[in-house]
Amino acid sequence: LKRSPKLHCFCPNSRARPGVLRRGVMSWAEVTPEKVGTADVGVVGIGVMGSNLVLNLLGKGFTVAIYNRELDIGEKFVVEHSKTFGADKLLGSTTYEDFAKLLKKPRKALILVTAGKPTDMVIESLMGAFEKGDIIVDTGNAHFKDQSKRAEMVEAAGMRFLGMGISGGAEGARKGPAFFPGGTLSIWEDIKHVVEAASAKASDGRPCVTMCGKGGAGSCVKMYHNAGEYAVLQIWAEAYAALRGIGLSGDEVKDVLTGWKKRGALDSYMLDITIEVAAKKDPEATDGSGLVEHTADMIGSKGTGLWSVQVALEVGCPVPSLAQAVLARQMSMMRDERLKNSGVIGSIVAAPAPTEGEKEKLVEDLYWAVYLSIVASYAQMFQALRFMDKEFDLEIMGNLPRIISTFRAGCILQGAMLEPMTKAFEADPNIPNLICAFKDEIASGIAGFRAACARNCLGGELMPVMQASLGYVVTMSQQLLQAAQVVSLQRDVFGRHGFKRLTADGTTTEDLHHAEWPEMIP
C-alpha cells in the first residue's frame with residue numbers, strides 16, 4: 001500500500017487490495033441487485049469526521065453507502081459496524097461507479113476529505129459517476145469563493161452542489177453537529193430531512209441547521225464562525241493570563257470563571273473548556289502544577305481565520321478583534337524569535353502587584369472587558385457577513401437570525417449571549433451594528449472595560465484582542481474621529497489627495513477639497 005499521510009487514501013496504482021477474493025470480487029463491497037438504489041445518502045472519506053458522521057446517520061435509521069480510496073480502512077469500517085447496524089444498512093463500495101449504484105435517486109453524497117485539491121478530485125470523480133439532478137455536498141473548511149466556483153461548475157453539468165460547513169468536531173459529527181449549508185437553493189427540500197436528522201438539536205428541539213444562502217454562503221458563514229471562534233478563544237485565554245497576572249492560582253482562576261458562568265450572560269461552551277483548562281493538573285508533574293504551565297506557547301491554525309480577515313479587509317469591513325486573534329496565533333508561532341529577542345531586551349512584562357482590596361475590582365473590571373469584547377467580536381463577525389452578502393450576492397442576511405440560532409447547540413460558539421443577538425436581528429434586520437443592541441451593557445461596563453485594559457497596559461502579558469475590541473466599541477460609536485481628520489489633511493499635504501469638508505449640519509461634502517500648503521519635500 002502507498003499511503004498519503006494527509007489523505008489516508010488508497011492510491012490507485014497500489015497492487016494489493018485487502019478483502020479481494022480470488023476473482024476480484026470484494027466480499028464486503030459486492031454490489032448485489034438487492035443493494036442497488038437503497039442507500040439514502042453516501043459518504044466519501046472515512047477519516048475521523050467521516051466515520052463519526054456515518055455512525056450518526058446510521059443511528060438515525062438511514063441506509064448509508066461509503067467510499068474510501070484506502071480500501072482496507074473502508075473494509076474494516078464496514079465489517080465492524082455492519083455487526084451493529086446490519087449489512088443492509090451500511091454498504092461499502094470500491095469504485096465511484098459502484099458507489100453511485102448504491103444510492104437512491106436523486107443521489108446525495110457528502111464529501112469528508114482534506115480541503116483543497118483532494119476535494120476537487122473527489123467532485124470530479126463523482127461528476128463522472130452521477131447524473132443530472134444528483135447532489136454533491138462538500139463539508140470541508142473551504143474558502144467560500146472556491147465553493148461558489150464549485151457550485152457553478154457542478155450546476156453547469158446539470159447536477160447540484162452544496163458547500164456545508166460543520167461545527168462541533170469529531171464528537172459533534174457523532175452526536176450531532178451544527179451544519180451551515182449553502183449552494184443550489186433547490187437542494188434543500190431533497191436533503192434537509194437527512195441533514196436535520198443528523199444535526200444537534202437546540203433546547204426548543206429545533207435542528208441546528210438552516211440553508212444559509214446560495215453559492216458559497218454556507219462556507220462563508222463557517223469561515224466567519226471560525227474567525228469568531230478564534231477571537232473568543234483568545235479572549236478567554238487573555239482573561240486567564242490577566243487573572244494569573246494579579247496573583248491568582250489556576251484553581252482560583254477556575255473559581256472566578258465558574259462564578260462568571262453562574263451570572264448567566266457569559267455561560268458558553270468556550271467558557272466551559274477554559275474552566276477545564278485553568279485547573280487541569282499535569283499528570284507528569286511531581287509538584288502538582290497545572291498542565292497549562294507545561295504546554296508549549298504555540299497556537300496552530302488551519303487558515304479559515306486568516307481568510308476571513310483578508311476578505312473582510314478587501315471589501316472594506318473593519319474586523320480588528322478577528323485580525324488580532326489571527327496575529328496572536330502567528331506571533332505565538334514565532335517562539336524562536338521571541339526567545340532571542342527576550343535574550344537581548346530582557347523581560348518587560350513585570351506587573352505591579354495589586355492589594356487584596358484591589359483584586360475584587362480588577363476581577364469585576366475584567367468581567368466587563370470579556371463581556372464587551374465578545375460582543376465586539378460577534379459584531380465584527382456579523383458585519384463581515386453583511387459585507388460579504390452585499391459584495392458577492394450570497395443571500396445570507398435574510399437568513400441571519402435563523403443562522404445565529406443554529407449556533408445554540410452542537411457548535412463551538414454555543415452560548416447564552418446568542419439569544420439576545422438572535423432577537424436583535426429579528427427585531428431589526430437593518431440594525432446598524434450589533435453593538436447597538438447592547439447599549440445598556442456598554443453603558444454599565446465601558447468604565448470597567450477601559451480600566452481593565454489600562455491596568456493591563458501597566459504590566460503583564462497584554463490582551464491584544466480585548467484591547468482591539470475596546471478600540472472597536474469606542475471608535476464605532478464615536479461621532480467624530482480627530483485622528484482621522486489629521487490624517488486626511490496629512491495626505492493632502494504630501495500627496496494632494498484632497499479631503500472632504502464637514503458642513504454646518506454635520507454631513508460631508510461630495511466633492512474633494514484642497515488646501516494651500518507650503519512646499520514640503522522629504
Are the side chain of [X] and the backbone of [Y] linked by a donor-acceptor contact shorter than 3.5 Å?
X	Y	answer
S377	G228	no
N56	A173	yes
Q234	A328	no
S199	P177	no
E196	P207	no
R338	M331	yes
R150	G216	no
Q383	P432	yes
D267	A416	no
E229	I412	no

Measure the [atom1]-[atom2] distance between [X] and [Y] for me, rounded to the nearest 0.5 Å.
X	Y	atom1	atom2	result
S308	F144	OG	CZ	8.5 Å
E391	C220	CD	SG	11.5 Å
S469	Q324	OG	CD	9.0 Å
M417	L271	CE	CG	10.5 Å
F425	N399	CZ	CG	13.0 Å
T114	N141	OG1	CG	11.5 Å

Do the side-chain N and O atoms of [X] and [Y] include a donor-acceptor pair separated by under 3.5 angstrom?
X	Y	value
S249	D251	no
S405	R408	no
E314	Q310	no

Using the side chain to side chain contact (heavy atoms under 4.5 Å, CB included) rule, take L55 and T84 through it: C-alpha gap first, then chi angles, then the decisive distance, then the call. CA-CA 10 Å; L55 295 176; T84 301; over 6 Å; no
Quick one, F392 with V311, criterion side chain to side chain contact (heavy atoms under 4.5 Å, CB included). Give me CA distance, side-chain angles, the key distance, then yes/no. CA-CA 11 Å; F392 299 102; V311 183; 4.1 Å; yes
What closest approach, in Å, do [X] and [Y] show between heavy atoms, and which atom pair accounts for it?
X	Y	value
S167	H225	OG-NE2, 3.0 Å
L322	A231	CD2-CB, 3.9 Å
L57	V41	CD1-CG1, 3.9 Å
E364	R263	OE1-NH1, 2.9 Å
G247	E252	O-OE1, 4.0 Å
G290	H294	O-CD2, 3.2 Å

In Y378, F449, W236, W368, the residue satisfying side-chain contact (heavy atoms from CB on, under 4.5 Å) with S373 is F449
When you check the gap from the basic side-chain N to the acidic O, do K359 and E356 get nearer than 4.0 Å? yes
Looking at K280 and E276, is there a salt bridge between them, counting it only when a charged N and a carboxylate O are closer than 4.0 Å? no
State whether the number of non-hydrogen atoms from other residues, nucleotides or ligands found under 6.0 Å of [X] atom [atom1] is greater than 12.
X	atom1	result
Y269	OH	no
K340	NZ	no
Q482	CD	no
L480	CG	yes

Got [X] and [Y] here, is their nearest side-chain heavy-atom distance under 4.5 Å?
X	Y	value
E293	R244	yes
L266	Y367	yes
D389	L400	no
I246	V363	yes
L243	L257	yes
M270	L413	yes
L366	W260	yes
S332	D297	no

Please test E395 against M211 for side chain to side chain contact (heavy atoms under 4.5 Å, CB included), starting from the C-alpha separation and ending with a verdict. CA-CA 10 Å; E395 299 186 8; M211 191 68 169; over 6 Å; no
How far apart are the C-alpha atoms of L58 and V54, what are their side-chain angles, what is the distance that settles it, and do they pass the side chain to side chain contact (heavy atoms under 4.5 Å, CB included) test? CA-CA 6 Å; L58 289 168; V54 170; 3.8 Å; yes
Are F180 and F407, when compared by the centres of their aromatic rings, separated by less than 6.0 Å? yes
According to the side chain to side chain donor-acceptor pair (under 3.5 Å) rule, which pairs have a member within residues 441-459, sequence neighbours left out? N456-Q467
